[in-house]
Amino acid sequence: MSGPSPAILVVAAVIRRDGRFLIGQRKRGGWGELKWEFPGGKVEAGEPPREAAVRELREELGIEAVTGPELARHAFQYPGRPAIELLFYLVTEFTGAPVNLEFEAIAWARPSELPGYDFLEGDLDFVARLAQGEFNEPD
């Protein structure tokens, strides 16, 4: 007899520059199509989550980033999908200019603008907290 499957670890990079955050819109035709999210993705087996964030940013935006502090984490389960544990990491240091390699679109948005984007459900609580200034600190 086995218990529930462990949650899949997913990292989200909260990239901040000049008071704005970089967000990406999922591609048309895939799961969660056209929903907005923070760049990131699944942590591979044996991979530390911070390193997963660095890898994902390289793959999705072509930047080399330094993963900052963990801002938040929470469990979430989309209907019909495995449970995930979502880890949000602040990123304020990176080299290179972000280039859209994986998204339908990318945008830089002020915290107050974030709730106006159609985010994935798993990100909504964090987006609301970010928009309310819960994670504000100087660059």
Side-chain angles (χ1 to χ4, degrees):
M1 183 174 202
S2 65
S5 299
I8 295 169
L9 280 181
V10 176
V11 293
V14 183
I15 303 170
R16 185 180 67 215
R17 177 163 281 176
D18 299 327
R20 295 178 188 267
F21 293 94
L22 188 128
I23 55 175
Q25 187 180 37
R26 295 179 71 92
K27 284 190 174 176
R28 186 180 310 277
W31 181 86
E33 68 177 335
L34 303 181
K35 294 279 190 177
W36 290 86
E37 64 182 349
F38 295 96
K42 292 179 188 167
V43 176
E44 295 176 357
E47 183 180 37
R50 289 177 182 279
E51 289 179 24
V54 170
R55 176 184 51 76
E56 288 285 349
L57 293 176
R58 186 179 306 125
E59 292 172 1
E60 295 181 352
L61 299 169
I63 60 174
E64 290 300 321
V66 176
T67 307
E70 182 181 307
L71 296 175
R73 75 167 56 198
H74 69 267
F76 194 82
Q77 186 161 11
Y78 291 95
R81 299 186 68 87
I84 61 172
E85 182 161 0
L86 194 49
L87 286 67
F88 294 89
Y89 289 106
L90 180 64
V91 173
T92 59
E93 294 179 51
F94 59 89
T95 56
V99 176
N100 180 7
L101 300 174
E102 292 289 327
F103 295 101
E104 187 78 18
I106 60 173
W108 287 98
R110 296 196 177 285
S112 62
E113 297 167 340
L114 292 173
Y117 288 85
D118 187 14
F119 272 86
L120 287 168
E121 259 185 89
D123 289 350
L124 292 176
D125 178 67
F126 179 79
V127 167
R129 293 166 61 196
L130 190 62
Q132 292 166 3
E134 185 170 328
F135 305 104
N136 285 353
E137 54 186 68
D139 279 319

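When every heavy atom of Gly122 is checked against every heavy atom of Tyr78, the shortest pair comes out as N-OH, 2.8 Å. Heavy atoms only, all atoms of each residue included: Ile106 and Pro98 are closest at CD1-O, 4.4 Å. Across Leu101 and Leu61, no two heavy atoms sit closer than the pair CD1-C, 4.0 Å. Taking all atoms of both residues into account, the shortest heavy-atom contact from Val43 to Pro49 is CG2-CA, 4.1 Å. In this structure, Tyr89 and Gly68 approach most closely via the heavy-atom pair CD2-O, 3.7 Å. Minimum interatomic distance between Ala107 and Tyr117 (heavy atoms only, all atoms of both residues): CB-OH, 4.0 Å.
Criterion: ILVMFWY side-chain heavy atoms under 4.5 Å apart, direct or through other members. Under it, Trp31 and Ile84 are part of a common hydrophobic cluster. If you chain together hydrophobic residues whose side chains sit under 4.5 Å apart, Leu120 and Val14 fall into the same group. Leu22 is connected to Ile63 through a chain of hydrophobic side-chain contacts under 4.5 Å among Ile, Leu, Val, Met, Phe, Trp and Tyr, so both are in one cluster. Clustering ILVMFWY residues whenever any of their side-chain heavy atoms sit less than 4.5 angstrom apart, transitively, puts Phe76 in the very cluster that holds Phe38.
For the pair Leu86 and Asp123, the minimum side-chain heavy-atom distance is below 4.5 Å. At a threshold of 4.5 Å between non-hydrogen side-chain atoms, the residues Ile15 and Leu57 count as touching. Contact annotation: the side chain of Leu90 approaches that of Arg16 to within less than 4.5 Å [non-hydrogen atoms, C-beta and beyond].
Taking CZ from Arg81 and CD1 from Ile8, the interatomic distance works out to 8.0 Å, rounded to the nearest 0.5 Å. One finds the CD atom of Glu60 at 9.0 Å from the CZ atom of Arg55 (value rounded to the nearest 0.5 Å). The CD atom of Glu93 sits 10.0 Å away from atom CZ of Arg17, with the distance rounded to the nearest 0.5 Å. Note that CZ of Phe21 and CG of Leu130 are 4.0 Å apart. Values are rounded to the nearest 0.5 Å. Distance check: Leu124 CG to Asp118 CG gives 8.0 Å after rounding to the nearest 0.5 Å. To the nearest 0.5 angstrom, Ile23 atom CD1 is 13.0 Å from Lys35 atom NZ.
For the side-chain hydrogen bond (donor to acceptor under 3.5 Å, both in side chains) with Arg26, the qualifying choice from Glu102, Glu33, Glu37 is Glu37, the only one to do so.
Centroid-to-centroid, the aromatic rings of Phe126 and Phe135 come within less than 6.0 Å.
In terms of modelled atom types and a separation under 3.5 Å, the side chain of Glu51 and the main chain of Pro48 share no donor-acceptor contact. Side-chain atoms of Glu104 come within 3.5 Å of backbone N or O of Arg28 as a donor-acceptor pair.
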Take Leu114 and Phe119 through the test side chain to side chain contact (heavy atoms under 4.5 Å, CB included) and record every step on the way to the result.
CA-CA 9 Å; Leu114 292 173; Phe119 272 86; 4.1 Å; yes
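The aromatic rings of Phe88 and His74 lie parallel to each other, with less than 30° between the two planes, well short of the 60° mark.
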